[in-house]
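Reviewing the structure listed below.
Quantities reported herein were computed from a predicted structural model and do not represent experimental measurements.
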Amino acid sequence: MQIAQVIVDIPTRQTNNPYSYLIPDYLVDQVVPGMRVEVPFGNRKITGFVVAIVNNSDFAGKLKPISSLIDFSPVINEELLQLSSWMADETYSFKISCLQTMLPGGMRIKNKKRLIANDDSVVNQHPEIFDGNHEIDYNRQKLTDKSIAQIIRLQKEGKIQVEYNLTHHAKPIMMKAYQGQLDQGQADSQLAVVRKNAKGQLKLLSILSAHPHETFLRNQLITQGVTESAIKTGEKNGWLKQTLKRHIRNPFLRSVAHTNPLTLQPDQKQAVTRINQAISGKQDQVFLLEGVTGSGKTEVYLQSIAHALETGRTALMLVPEITLTPQIVGRIRSRFGNQVAMLHSALSNGERYDEWQRINSGQAQVVVGVRSAVFAPLRNIGLIIIDEEHDSSYKQTDNPRYQTRDVAKWRAAYNHCPVVLGSATPSLESRARAMKGVYKLLTLPHRINRHALPHVSIIDMKTEMAKHRSILSNQLSNAIQDRLDKHEQIILLLNRRGYSAFLMCRDCGYVPKCPNCDISLTMHKNTHSLNCHYCGHKEPIPTVCPKCHSKRIRFFGVGSEQLEEQVKQLFPTARVLRMDVDTTRKKGSHEAIIDKFGAHKADILLGTQMIAKGLDFPEVTLVGVLNADSALQFPDFRSSERTFQLLTQVSGRSGRADKQGEVVIQTFNPDHYAIQLAQTQDYERFYATEMRVRHDGKYPPYYFTVKLTGNSPSENQTASEMFDILTYLKSHLSAQAIILGPTPKAVTRINNRYYYQIIIKYRKEPNLKPALDEILMQSQKKQRHGLQIAIDNEPLDFM
DNA sequence: AGCACGCCGACT
DNA sequence: GTCGGCGTGCTC
């Protein structure tokens with residue numbers, strides 16, 4: 001007797017223990033781990049993942065049988081199944097949510113699906129399933145048990161496709177196609193006899209020669225220069241046979257010319273050699289590739305990926321959320337062509353599903369994608385790359401709160417392959433590990449072609465503001481006018497976080513800070529006070545600056561729309577493009593803006609952080625940062641690191657080609673070390689300085705941290721429950737553990753729910769894990785009373 | 001989510 | 001006595 005162990009999806013009471021279900025006779029030997037099933041649960045039906053097939057169950061009661069199969073082949077492979085268990089444990093979440101995050105968005109919908117025959121022969125051989133149609137809605141009732149077994153077999157053999165009911169534009173597209181009927185020799189001999197002025201036919205034959213017996217979509221041929229009449233002739237001569245081919249939606253908007261590996265500089269060569277040795281030696285070594293902007297990290301990635309492929313393995317490359325622009329993808333694709341699959345948030349469900357399918361079936365061996373692509377169903381991975389490893393988008397902010405770097409390391413250990421963490425400004429965590437020898441440090445200290453770093457000047461906005469009230473300093477305005485005259489391009493960066501509520505004196509730059517924590521206080525509009533997130537300190541909002549007694553102490557923050565208006569007013573002839581969340585909401589608009597700017601159809605590109613990352617415009621010779629310190633004022637231990645990284649990154653945007661670049665940084669804190677050291681691009685000194693701050697403040701990487709957040713509709717309830725948790729923690733942890741809070745969050749009320757948090761900082765607490773597991777279990781019961789608890793292991797911030 | 005079970009107050 | 005309120009626990 002076969003019994004399936006199923007992780008069920010129960011909305012409330014979640015559990016990591018599987019439930020046992022009988023496998024009905026017709027599904028014996030067909031159900032395998034990794035498939036989703038529908039099962040009876042109480043008096044209704046729910047879905048779940050089969051995680052194991054066993055012979056007997058230790059459940060004492062009477063087992064129920066599986067109701068139906070959702071997948072005919074596993075959607076989660078053995079590796080990812082194991083990963084989900086580790087992840088649930090690591091992130092204090094439930095297996096079911098881990099498994100669901102591993103699937104591409106569109107597939108999480110369960111009910112309906114369609115079966116699509118890949119060719120006519122399947123339709124003809126199985127009238128009992130297809131009834132003469134190419135595509136049918138899957139309907140359990142209409143099919144016999146035997147047919148279902150057939151369907152599973154047909155999918156295994158790749159003769160049919162299963163399409164889940166995704167959004168409307170996710171339908172598979174069948175297009176007119178032609179199958180080549182010639183082998184290479186035949187095509188070549190035809191090529192020799194065809195008239196030399198029959199361009200279309202020549203092109204067609206050369207394609208057939210290069211790809212014998214392949215099937216091509218009609219417009220694939222047309223776009224490559226094969227004429228209509230040439231196709232007709234080809235059909236007539238028996239070179240081609242008309243057929244239908246499933247069109248795989250192509251998320252690459254344009255085709256890319258093939259490029260060859262570039263010659264490496266000595267330090268690049270050294271890095272590639274070390275990485276390739278680890279690939280060949282099947283070592284799960286982590287490398288930290290530290291290279292200044294323009295030092296050629298990408299080429300190191302590309303040649304290492306090539307090596308992984310040469311050894312018959314696959315490669316995974318992760319990039320930050322916003323960076324996944326055509327520029328980067330284009331470079332990967334120009335080297336590896338159709339072996340590349342791309343997974344990012346701008347894809348439609350249908351596109352994402354197609355890419356996922358290409359990876360799962362082994363058609364794509366290189367995956368480029370954002371955070372969630374770390375779960376790409378690649379097999380036999382030979383290399384994992386995380387570009388801009390310090391980027392905050394690698395940590396998921398809601399359940400399961402995983403850190404992509406850690407998942408990558410797990411997969412590397414499983415696949416016996418190296419991980420490369422690349423950055424110009426590594427996170428302190430990673431760099432500290434490299435210093436301890438846990439990671440191997442590889443450095444690329446030189447810019448390719450020895451381009452000089454841009455000249456960076458810092459403008460003190462305190463004195464500027466005293467002169468005039470413009471967002472732009474005189475020096476920046478003059479520099480902009482100069483570039484406009486020279487017909488060169490300009491990028492203006494506005495920190496979106498400047499919107500946030502903090503106080504600052506416009507005359508002396510004073511920002512109220514907590515007396516206990518050395519961190520800026522946050523405006524709490526609802527309580528009319530300044531609060532500290534770390535210790536709960538509160539004080540009234542001052543009406544005059546406590547330092548210089550000026551009355552001009554107020555909120556700080558400018559939006560990108562206002563900036564656009566001002567810039568247009570000051571420079572009426574300039575062509576201005578704005579890029580922020582508002583202008584890039586529509587699919588493809590991000591690319592459209594980049595293309596337009598790249599083609600020099602605009603003079604000024606202004607926007608938020610998203611313009612800082614990974615973009616490479618050779619015509620840009622001036623970068624202006626309008627409010628460099630707005631991130632700095634955030635009441636968070638990582639704000640200096642973020643500021644330094646951002647400024648270093650944007651500075652790299654200026655003057656990458658043969659023109660000298662200039663960067664103007666406007667700030668109210670010209671003396672802050674993050675800004676000073678960004679001016680000289682001195683990562684080493686920043687690292688040393690910041691490490692001391694982290695050490696003194698008992699922050700990561702010196703301490704481990706956990707953030708517990710509770711919320712409920714009642715402020716009293718939230719607070720009292722959080723105090724209960726505090727009591728519980730105190731009784732289970734050692735005296736060395738630092739427990740901060742509970743304190744109300746900066747935005748205490750969201751959607752009429754009140755948020756409180758507790759921060760735990762520790763070095764060694766063997767009892768912490770079981771204590772948090774217990775809190776997680778208890779939180780299920782408390783949910784009934786409206787209280788939600790979130791546990792964030794190693795949070796990115798304390799806010 | 002839904003249903004059973006069981007422990008309390010109000011009532012034919 | 002018992003009907004039914006709802007808080008609690010369970011569903012393979």
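Running 5' to 3' along DNA chain C, contacts with non-hydrogen atoms of chain A at under 4.0 Å begin and end at dT8(C) to dC12(C). Scanning DNA chain B 5' to 3' for nucleotides with an atom closer than 4.0 angstrom to a non-hydrogen atom of chain A gives a first and last hit of dA1(B) to dC3(B).
Among the atoms of the strands shown, only primed sugar atoms or phosphate atoms (P, OP1, OP2) are found under 4.0 Å from some heavy atom of Y21(A).
By the side chain to side chain contact (heavy atoms under 4.5 Å, CB included) test, E721(A) is found to be paired with Q717(A), D724(A), K782(A), L787(A), residues two or more places apart in sequence or in another chain being considered. In this view, D137(A) satisfies the salt bridge (Lys or Arg N to Asp or Glu O under 4.0 Å) rule with no residue, not counting sequence neighbours. With sequence neighbours excluded, no residue satisfies salt bridge (Lys or Arg N to Asp or Glu O under 4.0 Å) with E765(A). In this view, K159(A) and E157(A) satisfy the salt bridge (Lys or Arg N to Asp or Glu O under 4.0 Å) rule, not counting sequence neighbours.
Classified by interplanar angle (parallel below 30°, tilted 30° to 60°, perpendicular above 60°), the ring pair F41(A)/Y19(A) is perpendicular.
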- What's the verdict on ring pair (Phe, Tyr, Trp, His ring centres under 6.0 Å) for Y703(A) and F637(A), showing C-alpha distance, side-chain angles and the deciding distance? CA-CA 12 Å; Y703(A) 274 69; F637(A) 72 93; over 10 Å; no

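Y21(A) has its ring centre no less than 6.0 Å from the ring centre of F59(A).
The main-chain N or O of P400(A) is never found under 3.5 Å from a side-chain atom of S97(A) such that the two would form a donor-acceptor pair.
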